[in-house]
Amino acid sequence: MFALVDCNSCYASCEQIFRPDLRGKPVVVLTNNDGCIVARSKEAKALGIPDLEPYFKVRHLLEQHRVQVFSSNYELYGDISARVMAVLGQFAPEVDIYSIDEAFLAMDGITEDFVRYARRIRNSVWQQVRMPVSVGIAPTRTLAKLANHIAKQSARCDGVCVIRQPQDWFAVMQKIPVRKVWGVGSRYARRLAGQQVFSVYDLLTQDPDHIRHCFNIGLARTVRELRGQSCIAPDDLAVPKKQIYTTRSFGQRVFHCEELEQSISQYAGRACEKLRAQHSLVKTLSIFIETSRFDPNPLHLACTVPLYCPTNDTRTVVRAARAAVRGLYREGYAYAKAGIGLIELLDEKPEQTHLFEAQQSESSRQLMAVMDKINQYGSGEVFLASHGIQQRWAMQRQFRSPSYTTRWGDIPGIKMR
DNA sequence: TCTGGGGTCCTAGGACCC
DNA sequence: TCTGGGGTCCTAGGACCC
């Protein structure tokens with residue numbers, strides 16, 4: 001059995017922790033660059049504010065209902081997430097962190113009544129972090145996700161749902177749209193509708209081989225998981241990434257090559273941090289710069305760059321990435337976004353050395369380790385000068401809250417009387 | 001004035017080779 | 001002379017997730 005613990009409206013709830021005056025009120029959080037709505041409190045959902053809608057399109061609606069708007073504050077969310085995960089660690093020996101706001105717990109060896117166990121988790125996380133969570137428990141991860149969905153939807157569940165046997169839940173599954181299944185996006189949902197598959201139950205009763213033939217192995221696995229047959233191995237979530245990307249839209253359009261080089265330097269730095277965190281080396285990069293996809297004639301320029309010798313030294317990767325940008329750059333375009341992908345990765349050990357090139361030096365390794373140590377809280381205190389100091393292209397975050405838990409200057413004060 | 005997220009993996013199809 | 005099987009690698013595009 002697996003438990004999936006998921007924070008309710010995670011980013012909005014994070015903001016409410018330090019603004020208890022906003023509990024019970026409509027709150028939304030925006031994506032990077034204040035682009036789209038990415039999190040909505042329950043009250044904001046009730047107002048009919050759609051998910052992932054561009055901010056400027058719903059701005060008047062938000063103002064009309066006096067919805068509190070926040071820019072993304074990942075320093076805060078990352079720290080709150082770590083605290084939630086630490087609490088979950090008290091409940092199971094193995095916590096698979098699936099994303100910033102959810103984790104799977106393996107329930108092996110848990111003898112306590114599942115409903116009671118789930119309630120204890122909920123209460124503890126609320127008590128220790130003030131984060132509301134929902135808990136779904138089921139024989140497979142896909143069913144645990146579904147149970148979590150039911151826990152959130154049904155008031156009667158009060159945040160907890162346990163699916164012991166799928167067949168006990170067939171009646172409920174007939175009423176849940178197939179789109180809600182983990183692994184079924186809007187495209188698959190549309191194609192499935194063409195085959196008269198509308199509900200979770202409809203999908204569950206399909207022949208996996210038929211689904212494999214019409215779609216792919218992933219969706220066939222999903223069908224099996226819905227039937228209670230576990231096919232997503234625990235390791236699937238822990239394995240190192242096969243590719244690492246860092247891409248960002250700019251706060252405003254960029255016209256000059258130097259600024260593109262600055263941005264790509266910074267993204268490369270971030271990508272290399274992730275690379276070192278999983279003890280990998282990169283052999284091939286992918287670099288792109290592009291105009292807005294909403295432009296009448298969008299331009300997308302990309303190239304792949306093989307590295308002479310696999311590395312995880314930010315300086316080497318930055319040098320190659322900047323050269324690539326200079327090669328791609330075309331004058332006269334309003335660039336909206338750039339990114340880097342580390343697309344071919346190797347294990348740090350054993351290192352594949354080039355016949356005529358010294359392998360990555362010990363001094364390089366030490367330097368990177370020191371940088372990572374200083375920057376461990378994601379605040380980016382140490383960086384290469386090529387990132388630039390005055391970043392005209394940096395993202396917009398007009399409604400950012402303080403980093404209450406990670407910056408000395410932002411720690412809330414207590415009034416004594 | 002103008003505004004539109006970010007990350008990862010899979011697969012089909014083409015190029016090339018034996 | 002022309003055809004044809006099968007494998008590998010690469011890449012762009014598609015699909016998913018939160």
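Throughout, protein chains are lettered first and strands after them, A, B, ... in sequence-line order, and every chain is numbered starting at 1.
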Margin query: Does B/dC10 have its OP1 or OP2 closer than 4.0 Å to a side-chain nitrogen or oxygen of A/Arg212?
Written below: no
Notebook entry, point to check: Looking only at side-chain N and O atoms, does A/Thr247 come under 4.0 Å of OP1 or OP2 in B/dG7?
Noted result: yes
Note to self: Under 4.0 Å, heavy atoms only, any strand: does A/Ser72 hit a base, just the sugar-phosphate, or nothing?
What the structure shows: nothing
Check: In terms of side-chain heavy atoms of A/Leu52, which of B/dG6, B/dG5, B/dG4 is nearest?
Finding: B/dG5
Notebook entry, point to check: Would you call A/Lys145-A/Glu102 a salt bridge at under 4.0 Å N-O?
Noted result: yes
Next item on the list: Just name whichever nucleotide pairs with C/dC18, Watson-Crick or G-U, keeping both distances under 3.5 Å, else none.
Entry: B/dG5
Note to self: Please report the distance, rounded to the nearest Å, between CD in A/Glu290 and C1' in B/dG4.
What the structure shows: 12 Å
Notebook entry, point to check: Quick one: which of C/dA15, C/dC18, B/dG6 gets closest to the side chain of A/Trp182?
Noted result: C/dC18
Item checked: A/Glu261 bridged to A/Arg326 by N-O distance under 4.0 Å -> yes
Notebook entry, point to check: If you look at every strand shown and take non-hydrogen atoms under 4.0 Å, does A/Ser292 touch a base, only sugar-phosphate, or nothing?
Noted result: nothing
Notebook entry, point to check: Is the phosphate of B/dG7, meaning OP1 or OP2, less than 4.0 Å from a side-chain N or O of A/Lys274?
Noted result: yes
Notebook entry, point to check: Whole-Å distance between C/dT11 C1' and A/Leu285 CG?
Noted result: 16 Å
Notebook entry, point to check: Taking the side chain of A/Arg187 as its heavy atoms from C-beta onward, which of B/dG4, C/dA15, B/dG7 lies nearest to it?
Noted result: C/dA15
Check: Among C/dC16, C/dC18, B/dC9, which nucleotide sits nearest the side chain of A/Asp101?
Finding: C/dC18
Item checked: Whole angstrom value for the distance that separates C1' of B/dG5 from CZ of A/Phe288 -> 12 Å
Note to self: Closest approach to the side chain of A/Arg191, judged atom by atom: which nucleotide of C/dA15, B/dG7, B/dG5 is it?
What the structure shows: C/dA15
Note to self: Distance check needed: C/dG14 C1' versus A/Phe215 CZ, whole Å only.
What the structure shows: 14 Å
Check: A/Arg253 has a side chain; which of C/dC18, C/dC16, B/dT3 sits nearest to it?
Finding: B/dT3
Notebook entry, point to check: Using 30° and 60° as the class limits, which term best fits the ring planes of A/Phe18 and A/Tyr404: parallel, tilted or perpendicular?
Noted result: parallel
Check: When we call it a touch if two heavy atoms are under 4.0 Å apart, what does A/Ile217 touch: a base, just sugar-phosphate, or nothing?
Finding: sugar-phosphate
Margin query: Using a strict threshold of under 4.0 Å (side-chain N to carboxylate O), is an ion pair present between A/Glu53 and A/Arg40?
Written below: no
Notebook entry, point to check: Looking across every strand, which nucleic acid part, if any, lies under 4.0 Å from A/Val58 by heavy atom: base, sugar-phosphate, or nothing?
Noted result: nothing
Margin query: If I take atom CG in residue A/Asn216 and atom C1' in nucleotide C/dA15, what distance separates them, rounded to the nearest angstrom?
Written below: 9 Å
Next item on the list: Name the nucleic acid region contacted by A/Ile244, choosing base, sugar-phosphate or nothing; use a 4.0 angstrom heavy-atom cut-off, strictly under.
Entry: sugar-phosphate
Note to self: So if I take every side-chain heavy atom of A/Tyr245 and compare against B/dG7, C/dA15, B/dT11, which nucleotide ends up nearest?
What the structure shows: B/dG7
Margin query: Does the plane of the ring in A/Tyr11 sit parallel, tilted or perpendicular to the ring in A/Tyr77? Use 30° and 60° as the thresholds.
Written below: parallel
Notebook entry, point to check: A/Gln252 near the nucleic acid: base, sugar-phosphate alone, or nothing, with a heavy-atom cut-off under 4.0 Å?
Noted result: nothing
Notebook entry, point to check: For C/dT11, does OP1 or OP2 lie under 4.0 Å from any side-chain N or O of A/Thr304?
Noted result: yes
Notebook entry, point to check: Which whole-number value in Å describes the distance from A/Tyr55 OH to B/dC2 P?
Noted result: 18 Å
Next item on the list: Starting from P on C/dC18, measure out to NZ on A/Lys152 and report it in whole angstrom.
Entry: 10 Å
Notebook entry, point to check: For B/dG6, does either OP1 or OP2 sit under 4.0 Å from a side-chain N or O belonging to A/Ser249?
Noted result: yes
Next item on the list: Check the distance between C/dA12's P and A/Ile343's CD1 and give it to me in whole angstrom.
Entry: 9 Å
Note to self: So, taking the atom named CZ in A/Phe250 and the one named CE in A/Met395, what distance separates them when rounded to the nearest 0.5 Å?
What the structure shows: 11.5 Å
Check: Could A/Arg212 and A/Asp207 be called an ion pair, given the rule that one side-chain N must be under 4.0 Å from one carboxylate O?
Finding: no
Next item on the list: Could you work out which one of B/dG5, B/dG4, C/dC18 sits closest to the side chain of A/Asn32?
Entry: B/dG5
Check: If you check every side-chain atom of A/Tyr98, which of C/dC18, B/dT8, B/dG4 has the closest atom?
Finding: C/dC18
Note to self: I'd like to check, for A/Phe56, whether its ring lies over the base of B/dG4 with centroids under 5.5 Å apart and a plane angle smaller than 30°.
What the structure shows: no
Margin query: Measuring from the side chain of A/Lys242 (C-beta onward, heavy atoms only), which nucleotide among C/dC17, B/dC9, C/dT11 has the closest atom?
Written below: B/dC9
Notebook entry, point to check: Looking across every strand, which nucleic acid part, if any, lies under 4.0 Å from A/Tyr188 by heavy atom: base, sugar-phosphate, or nothing?
Noted result: sugar-phosphate
Next item on the list: Look at all strands and tell whether A/Arg59 reaches a base, only sugar-phosphate, or nothing, counting heavy atoms closer than 4.0 Å.
Entry: nothing
